[in-house]
2 protein chains.
Amino acid sequence: MSEKTQTRDPELTRTRILDAAESHFVEQGFSAVKLSALARSADVTKSLIHHHFGSKEQLWEAVKNRAFERYYTGQMAMLEEAGEPDAMLLRHSVEAYFHFLRDNPGVVRLFAWTHLEGDSHCGELDNQLVGAGAEWVRQAQMRGLLRKDINPTHVIALFVMTCTQWFEAKCHHQHWPGMGSDEAFLEDFLTIFMAGVAPQN
Amino acid sequence: MSEKTQTRDPELTRTRILDAAESHFVEQGFSAVKLSALARSADVTKSLIHHHFGSKEQLWEAVKNRAFERYYTGQMAMLEEAGEPDAMLLRHSVEAYFHFLRDNPGVVRLFAWTHLEGDSHCGELDNQLVGAGAEWVRQAQMRGLLRKDINPTHVIALFVMTCTQWFEAKCHHQHWPGMGSDEAFLEDFLTIFMAGVAPQN
DNA sequence: GCCTCGATTGGCCGACCGGTCAATTGAGTG
DNA sequence: CACTCAATTGACCGGTCGGCCAATCGAGGC
């Protein structure tokens with residue numbers, strides 16, 4: 001059978017630690033996390049964490065790497081199933097990205113913590129992603145689907161940043177007077193964005 | 001003369017501590033800051049910090065309050081000198097906000113740290129700001145200067161969030177292929193944004 | 001010239017942090 | 001079965017964290 005009842009399972013232990021660590025780091029950032037509490041919530045001894053990951057810093061790196069790899073592959077899959085560049089693709093990409101972030105709040109916070117730390121590594125990870133997106137925009141521009149007088153990379157950056165900030169700073173602006181729901185904001189953003197990038201007559 | 005050479009100046013001490021604390025907190029966030037290092041860089045004893053501010057947490061609150069008050073009054077001043085709602089006001093507001101953030105990188109990071117902490121207090125501070133901005137958008141909509149089918153608050157939120165995220169996550173996307181300078185991005189954003197909120201024919 | 005009271009100092013404390021280590025356990029190997 | 005080696009444990013360490021306190025200092029009021 002596949003389920004092992006063995007008392008020792010280093011692989012499972014590793015992921016148990018990683019899972020607990022991710023939730024702690026996502027919630028509190030690097031320096032506020034205490035290894036003792038982390039060990040407790042992973043039902044593991046502190047020494048075991050050091051055995052598997054070396055140090056708190058290395059554990060943090062491991063957590064980030066795993067999360068960003070998940071993010072990266074998820075985005076890559078999205079991008080590949082996108083299909084032919086037509087008028088609606090950009091709209092659908094924005095919607096997909098927005099909903100992806102909504103469903104993965106952890107990754108948004110992880111990104112935010114690393115931004116504040118000045119860690120640019122995770123930013124370099126999605127160079128390909130952005131490059132591919134920008135390339136698509138460029139093609140759409142040539143086909144007359146999008147206006148030509150804007151930097152393709154900026155188009156991608158604009159919607160990525162907007163989606164990110166919406167979820168990252170939600171606690172900040174959710175009390176603003178007149179603020180709508182996730183979907184209402186997305187709809188208005190898409191209205192403005194799509195009209196803004198459309199070819200001018 | 002105005003310059004006092006007295007050995008004791010509690011007011012100056014307070015601001016020396018606040019200044020040093022702000023730069024530390026901006027750089028490292030709350031929990032990574034060590035009071036001992038902070039005291040050293042403020043040229044002050046640790047005890048003196050406790051004497052004036054009570055605890056690390058209260059000092060953090062004081063730093064945030066001072067910074068956000070500065071932010072708030074700065075924005076209020078900007079808003080009041082804005083003048084009559086004409087076609088260019090929105091564009092100029094975006095430019096002004098963008099450049100304000102560029103020239104005050106500390107406040108961006110301070111906002112970001114508090115977002116991640118889940119502190120919604122500073123978000124409530126600018127309810128009036130956003131309310132006033134949204135009201136202006138509403139008037140512009142009625143005058144036919146802006147399209148009517150979008151939530152005014154979302155218009156404000158969109159450009160605020162974009163400017164914020166641009167500076168907050170700069171380390172993340174500055175290596176993206178094809179990314180332009182501050183001004184180049186602002187120009188493209190304004191192009192898209194202004195075309196997007198313009199009345200549709 | 002005291003006297004008062006806040007400003008300021010240095011020394012100190014208990015808690016707890018991340019990390020180490022020697023010892024034990026258990027699963028695989030031959 | 002014995003041997004090996006990684007997994008796992010619990011006790012422990014040095015460092016330093018935020019915070020406290022008694023003593024000293026200095027400016028201003030009477």
Roughly how bent is the helix from C/dG1-D/dC30 to C/dG30-D/dC1 end to end, in steps of 10 degrees, with each end axis from five pairs?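 Axis-to-axis angle, ends of the helix: 0°.
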
Picking from A/T153, A/N151, A/D149, A/V197, what satisfies side-chain contact (heavy atoms from CB on, under 4.5 Å) with B/D188?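 For B/D188, the side-chain contact (heavy atoms from CB on, under 4.5 Å) check succeeds only for A/N151.
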
Show me the side-chain donor-acceptor pairs of residues 159-168 of chain A shorter than 3.5 Å, one per line, residues at least two apart or across chains.
{"unit_1": "A/T162", "atom_1": "OG1", "unit_2": "A/L158", "atom_2": "O", "d": "2.7"}
{"unit_1": "A/T164", "atom_1": "OG1", "unit_2": "A/V160", "atom_2": "O", "d": "2.7"}
{"unit_1": "A/W166", "atom_1": "NE1", "unit_2": "A/D182", "atom_2": "OD1", "d": "3.0"}

What is the separation between atom CZ on A/R40 and atom C1' on D/dT9, rounded to the nearest whole Å?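 My rounded result for the distance is 17 Å.
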
For [Y], is there an ion pair with [X] - N to carboxylate O distance below 4.0 angstrom?
| X | Y | answer |
| --- | --- | --- |
| A/R70 | A/E22 | yes |
| A/E61 | A/R66 | no |
| B/E117 | B/K64 | yes |

Is the centre of the A/F25 ring less than 6.0 Å from the centre of the A/W113 ring?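 Judged by ring-centre distance (under 6.0 Å), A/F25 and A/W113 do not meet the cut-off.
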
Can you give me the closest heavy-atom contact between B/L125 and B/F68, atom names plus distance?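 What the structure gives for the nearest pair is CD1-CB, 3.7 Å.
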
Donor-acceptor pairs under 3.5 angstrom involving side-chain atoms of residues 32-52 of chain B: please list them, not counting sequence neighbours.
{"unit_1": "B/S41", "atom_1": "OG", "unit_2": "B/L38", "atom_2": "O", "d": "3.3"}
{"unit_1": "B/H50", "atom_1": "ND1", "unit_2": "B/K46", "atom_2": "O", "d": "3.4"}

Near DNA chain D, which residues from residues 41-62 of chain A have a heavy atom under 4.0 Å away?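 Of all residues in residues 41-62 of chain A, the ones placing a heavy atom under 4.0 Å from DNA chain D are A/T45, A/S47, A/L48, A/H51, A/H52.
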
Looking at residues 23-34 of chain A, who's got a heavy atom less than 4.0 Å off DNA chain D?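 None, since no heavy atom is under 4.0 Å.
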
Checking B/A132 now: which residues fulfil side-chain contact (heavy atoms from CB on, under 4.5 Å) with it, not counting sequence neighbours?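 side-chain contact (heavy atoms from CB on, under 4.5 Å) list for B/A132, sorted by chain: B/L79.
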
Backbone N or O of B/L186 within a donor-acceptor pair of the B/E95 side chain at under 3.5 Å?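 Judged by distance alone, no pair lies under 3.5 Å.
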
